[in-house]
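Taking it in order: structure first as structure tokens, then the write-up.
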Amino acid sequence: MVRPHARLRLGKFDPDDTAGFEKGDKAQTHLEKNIARMDELQYRLYAESQRALLIVLQGMDASGKDGTVRHVMSGLNPQGCRVTSFKVPSAEEAKHDFLWRIHQAVPAHGVIGIFNRSHYEDVLVVRVHQLVPKSVWSARYDEINTFEKLLTKNGVTILKFFLHISKAEQKERLEERLKDPNRNWKMNPDDLKERKRWDDYVKAYEAALGRCSTSAAPWFVIPSNKKWFRNLAVSQIIVETLERMNPKFPKPAFDISKLKVK
Ligand code: AMP
Ligand code: MG
């Protein structure tokens, strides 16, 4: 977890780290247990319908955002779950403030929302490519903090995961996308251009994670070179958070003992 107000250096975190875990049956069993537990807790969150959980996924191209949705959220009930992928803003979206499209996608009470990319793009790609003047993007860190505070006050617990891969790992994954016909579709020629801006992205991520990690909406740096560990770490943090939220089945508003099915 990124300490609030800390000056963050991503170079200090090893993307190969597995926190002492080893790949294999044990890790797989642990992941499966987490997924099953998420399902139980989501059911209670949905029944309670008083609070929501928002999971934000960010990371460089090929860092595993899609894979995390596919492998970690696989046990969730689609009825209580909402995944939103944020792309280049549409013509309509671009005519509004940067949080307009985000706010509409925030999960309602009872729902787990997953953001595949997010409002953070507006201080990442936008900063790296100077898509708006510095005076505009630099004000956004505070605007994001205020926005997230509004959400948490309204019962939305926020978890933000930065999927941390190395530049070498990205190279392997992009090469794989070129080689493997089943992965060709994932290839975007722009990713190769973005790769050249790696260091700029690192700086932008360090600023975003450092300035926008708060106790209410913390950022987590997830070592993600090993996909199995990434899945384990993300699922573990989600389960622990849902356990802490401890959603409860609502008490019926009527006298159950007086009802009889005839
Ligand atoms: P992908 O996640 O591979 O589908 O790509 C989505 C693309 O949309 C990425 O290149 C993002 O950087 C880009 N994108 C997302 N949000 C924004 C934004 N607010 N402004 C500009 N580009 C964005
Ligand atoms: Mg992409």
Side-chain angles (χ1 to χ4, degrees), residues 10 54-73 82-106 113-148 151 158 160-165 167 169-209 211-212 219 222 224 227 230 234:
L10 281 176
L54 171 60
I55 298 162
V56 172
L57 297 174
Q58 285 286 165
M60 304 282 197
D61 291 317
S63 60
K65 299 181 286 297
D66 294 300
T68 303
V69 176
R70 188 166 164 207
H71 295 288
V72 180
M73 318 302 171
R82 184 172 177 198
V83 185
T84 312
S85 298
F86 291 99
K87 311 282 180 187
V88 177
S90 69
E92 191 191 12
E93 286 167 349
K95 286 184 196 161
H96 291 271
D97 69 84
F98 78 105
L99 292 171
W100 182 74
R101 64 175 182 163
I102 308 293
H103 212 154
Q104 295 182 67
V106 169
I114 297 145
F115 283 2
N116 185 341
R117 299 188 190 270
S118 64
H119 43 307
Y120 283 93
E121 290 296 320
D122 293 276
V123 289
L124 293 165
V125 63
V126 169
R127 168 175 161 154
V128 168
H129 290 280
Q130 294 292 321
L131 300 179
V132 298
K134 182 174 182 189
S135 59
V136 174
W137 61 254
S138 63
R140 287 181 174 168
Y141 301 99
D142 289 342
E143 288 161 2
I144 288 174
N145 286 337
T146 305
F147 171 65
E148 292 182 354
L151 301 187
I158 306 176
K160 300 178 291 196
F161 297 115
F162 170 67
L163 307 183
H164 185 37
I165 56 166
K167 199 175 175 188
E169 178 68 21
Q170 188 194 50
K171 181 166 191 269
E172 272 184 36
R173 292 187 188 182
L174 291 178
E175 281 173 350
E176 195 58 37
R177 286 182 182 183
L178 288 177
K179 260 192 287 173
D180 180 352
N182 290 340
R183 289 182 204 252
N184 284 167
W185 69 275
K186 279 195 160 213
M187 196 61 211
N188 178 348
D190 283 347
D191 291 353
L192 302 178
K193 276 194 238 151
E194 295 304 292
R195 181 173 160 76
K196 290 193 185 138
R197 316 291 292 263
W198 181 274
D199 293 341
D200 295 334
Y201 272 105
V202 168
K203 273 198 206 119
Y205 267 111
E206 287 175 342
L209 272 57
R211 293 189 62 179
C212 300
W219 268 107
I222 305 294
S224 298
K227 294 173 183 172
R230 171 202 76 203
V234 168

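One-based numbering, in listed order, for ligands and for the atoms of each. Excluded from the calculations below are hydrogen atoms, water molecules and symmetry mates; all remaining heavy atoms, backbone and side chain alike, are included.
Ligand 1 has an N or O atom lying under 3.5 Å from an N or O atom of Val88, backbone or side chain. Residue-to-ligand polar distances place Arg101 within reach of ligand 1: an N/O pair is separated by less than 3.5 Å.
Residues Glu175 and Lys179 are not paired through a salt bridge, judged by the lack of any N-O separation under 4.0 Å between the basic side chain and the carboxylate. Looking at Lys196 and Asp61, no side-chain N of the basic residue comes within less than 4.0 Å of a carboxylate O on the acidic one, giving no salt bridge.
When the options Tyr141, Trp219, Phe86, Trp137 are evaluated for a ring pair (Phe, Tyr, Trp, His ring centres under 6.0 Å) with Tyr120, the one that passes is Trp219.
Of all atoms in ligand 1, numbered sequentially from 1 with element shown, those under 4.0 Å from a heavy atom of Val126 are 20 (N). Less than 4.0 angstrom separates some heavy atom of Asp122 from each of these atoms of ligand 1: 19 (N).
Closest heavy-atom approach to atom 9 (C) of ligand 1 among the candidates His119, His129, Lys87, Arg117: Arg117.
Contacts classified as ring pair (Phe, Tyr, Trp, His ring centres under 6.0 Å) and involving residues 178-205 (residues at least two apart or in different chains) are given here: Phe162-Tyr205. Within the structure, the salt bridge (charged side-chain N to carboxylate O under 4.0 Å, His left out) test picks out the following pairs touching residues 131-140 (sequence neighbours left out): Asp122-Arg140.
At a heavy-atom distance under 4.0 Å, only side-chain atoms of Pro89, from C-beta outward, approach ligand 1. Contacts with ligand 1 closer than 4.0 Å are made by no heavy atom of Glu194, backbone or side chain. Counting heavy atoms closer than 4.0 Å to ligand 1, residue Asn188 contributes nothing at all.
Put simply, the side chain of Asn116 never gets that close to the backbone of Thr84: no donor and acceptor are under 3.5 Å apart.
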